Amino acid sequence: MQELALIHCRQLVTLAGPAGPRTGPAMREVAAIPDGAMLVREGRIVAVGTTDEIGDRIGPDTRVLDATGQVVLPGFVDAHTHPVFGGNRVDEYALRARGATYAEIASAGGGIRSTVAKTRALTEAQLLEIANARARAFLSFGTTTIEAKSGYGLGHEEEFKILRVIRSIGEETPLRVHPTYLGAHAFPLEQTRESYIEDIVERTLPLIASEGLAKWCDIFVEQNYYTPDEARRILGRAKSLGLGIRMHVDQLHNGGGAALSAELGAKTADHLEQTPISSFDDLTAGGVMPVLLPGSVFCLGLSHYPDGRGMVDAGLPVVIATDFNPGSSPTVSMPFILALACTQLEMTPEEALCAATINAAWSLDAAGDVGSLEPGKLADFTLWDLDDWREIPYWAASVRPSAVYVGGTWVA
């Protein structure tokens, strides 16, 4: 029986608390234990407390990890990423620096479609090699679980190729991966709008559901992309097949995304940069978790961030994520996202950490395993050579964990 004891943590930040997504004042309770300790057996946590409390349970064959001077946190849970794609969009980055807008670049043939072309040009093996390297990058910043979207294939076979790569990331790396089908990301050039939607509804979604290649279905509802009625058709079909619903809404324009996500029974509504305070009640009534992506606002050079402070104050269970993708948020760094949450979304460090761990885990229906350090959960944790865990956002993307453990095993 493999057993690990982690002792003398300067701060053991457990995020232990009530069952269910955290809201309001509960988002500020991180349950930090000074001189903390944790006992792990066969990859799962069996006890958490002070070093004195755990010390009596350490056996002669237990491997002991002395964390003196280290802050220990749960691994970050990144609930919105696009990790499988070919190439990059650095040329578009330079165009934006000269004043071009996201919409102008997309209308000129750039944006999502440019990444689709680069992704289609690569084999499955080539995409997997690139994606596995990105998985190691996520781990190096303390992220141990991600939600991973397809969406850069825009075709039946190409989307399946990406979903197989996503599955392989979870099999070949320590990163825990929750797959999402995002075929409705944009429209392919070689098909009409209607024929592509028909393919998604009648051909692709049934096969994805039957083969278990994705747990979730997502859609980009935005001007010049998918309409609310198209979302109703696609997500309604996905839901009837047993897939969970996630949605990109209100990123560039207020399209009533909050109300639409509530109407369709979405688990999450992601982006919400343009969502007004008057729509927060829709999210609450629909039980929709807001996933805020401040990295995409920052990287696009925009200034209209989602109202994180207002959502927390309204009692919503806020989640923050990287939105890692080649166009609008080329970052895998959750420490950077925590910094943006504090400085731009006006969230406290405690609220930001909650949003990046336990609330994110609830948004993936994974809180029984990850997101906090509690008995029975997987021993996914990170060590930081810091005096105080709040230095992670304070140092503004300048720190990484000194060690990362997944299932009680050192991985980075």
Side-chain angles (χ1 to χ4, degrees), residues 20-24 26-27 79-80 102-103 147 149 151 180 182 184-185 216-239 243-297 300 302-323 328-329 337 340-341 344-347 351-352 354-356 359-360 362-365:
R22 310 288 164 79
T23 61
M27 288 190 68
H80 185 126
Y102 183 90
E147 181 262 10
K149 303 179 191 293
T180 294
L182 181 57
H185 199 192
W216 307 94
C217 180
D218 199 341
I219 189 169
F220 185 25
V221 181
E222 182 58 71
Q223 290 183 16
N224 301 318
Y225 291 90
Y226 288 82
T227 68
D229 282 343
E230 290 166 342
R232 291 182 180 97
R233 182 180 176 191
I234 291 169
L235 297 183
R237 177 62 163 154
K239 196 170 182 178
L243 296 175
I245 303 304
R246 312 178 83 82
M247 299 177 68
H248 288 59
V249 293
D250 294 352
Q251 179 182 7
L252 304 174
H253 305 88
N254 175 19
L260 181 64
S261 63
E263 172 196 330
L264 296 177
K267 183 73 174 186
T268 71
D270 302 28
H271 279 292
L272 302 174
E273 285 95 315
Q274 310 301 324
T275 303
I277 293 174
S278 58
S279 294
F280 293 176
D281 286 346
D282 292 319
L283 297 172
T284 300
V288 182
M289 298 186 71
V291 179
L292 309 184
L293 310 169
S296 63
V297 182
L300 287 174
L302 302 175
S303 59
H304 199 296
Y305 285 84
D307 186 2
R309 177 77 267 139
M311 291 182 192
V312 172
D313 289 345
L316 286 165
V318 173
V319 178
I320 58 173
T322 62
D323 190 19
S328 61
S329 191
I337 300 305
L340 291 176
Q344 305 303 315
L345 306 187
E346 301 182 11
M347 296 169 66
E351 290 163 348
C354 176
N359 273 8
W362 279 106
S363 83
L364 295 173
D365 292 340

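Keep in mind that what you see is a predicted model, and the values were worked out from it rather than measured. Along the sequence shown, residues are numbered consecutively beginning with 1.
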Should L316 and T23 count as side-chain neighbours, where that means a heavy-atom distance under 4.5 Å?
no
Shortest non-hydrogen pair, C217 vs I234, comes out as SG-CG2, 4.4 Å
If the condition is side-chain hydrogen bond (donor to acceptor under 3.5 Å, both in side chains), which residues does D218 pass it with, not counting sequence neighbours?
K149, H248
Give the minimum heavy-atom separation between E273 and P306, together with the two atoms involved.
CG-CD, 3.7 Å
side-chain hydrogen bond (donor to acceptor under 3.5 Å, both in side chains) involving S329 - partner list, sequence neighbours excluded:
none
For the side chain of H271 and the backbone of Q251, is there at least one donor-acceptor N/O pair under 3.5 Å apart?
no
What residues form a side-chain hydrogen bond (donor to acceptor under 3.5 Å, both in side chains) with N254, not counting sequence neighbours?
none
Taking side-chain contact (heavy atoms from CB on, under 4.5 Å) as the test, write out the residues that go with A321, two or more places apart.
D78, H80, V291, L293
Pair F220 + Y225: ring centers closer than 6.0 Å
yes
side-chain contact (heavy atoms from CB on, under 4.5 Å) partners of A266, counting only residues at least two apart:
I245, M247, S261
Under a 3.5 Å distance rule, please check whether K267 uses its side chain to pair with a backbone N or O of D365 as donor and acceptor.
no
Just so I know, are the side chains of Q344 and P294 near enough to count as touching, which here means a heavy-atom distance under 4.5 Å?
no
Exercise: identify the closest heavy-atom pair between S363 and V319:
CB-CG2, 4.1 Å
To the nearest 0.5 Å, what is the distance between CG (D307) and CG (L345)?
8.5 Å
Less than 4.5 Å apart, any side-chain heavy atom of H304 and any of V297?
no
Of all residues at least two apart in sequence or in a different chain, which pass the side-chain contact (heavy atoms from CB on, under 4.5 Å) check with N224?
none
Can you tell me how far CG of L252 sits from CG of L300, rounded to the nearest 0.5 angstrom?
7.5 Å
Atom CG of N359 and atom CG of L364: how far apart are they, to the nearest 0.5 Å?
11.0 Å
Is there a donor-acceptor pair under 3.5 Å between the side chain of H253 and the backbone N or O of Q274?
no
Run the salt bridge (Lys or Arg N to Asp or Glu O under 4.0 Å) test against D323 and tell me which residues pass, sequence neighbours left out.
none
To the nearest 0.5 Å, atom SG of C354 lies from atom CH2 of W362 at 12.0 Å
T227 side chain near V221 side chain, heavy-atom distance below 4.5 Å
no
Please report the closest heavy-atom contact between T275 and A258, naming both atoms and the distance.
CG2-CB, 4.0 Å
Atom of V249, atom of G257 and distance for their closest heavy-atom approach
CB-CA, 3.6 Å
Looking at A360 and A356, what are the two nearest heavy atoms and their distance?
CB-C, 4.1 Å
Can you list the residues that meet the salt bridge (Lys or Arg N to Asp or Glu O under 4.0 Å) rule with R309, with sequence neighbours excluded?
D313, E351
Verdict with supporting geometry, L264 and K239, side chain to side chain contact (heavy atoms under 4.5 Å, CB included):
CA-CA 9 Å; L264 296 177; K239 196 170 182 178; over 6 Å; no
To the nearest 0.5 Å, what is the distance between CZ on R246 and OG1 on T180?
5.5 Å
Pairs touching residues 221-230 that satisfy salt bridge (Lys or Arg N to Asp or Glu O under 4.0 Å), sequence neighbours left out
R193-E230, D229-R232
Would you be so kind as to tabulate the donor-acceptor pairs closer than 3.5 Å made by side chains of residues 276-289, with sequence neighbours excluded?
| unit_1 | atom_1 | unit_2 | atom_2 | d |
| --- | --- | --- | --- | --- |
| T284 | OG1 | F280 | O | 3.3 |

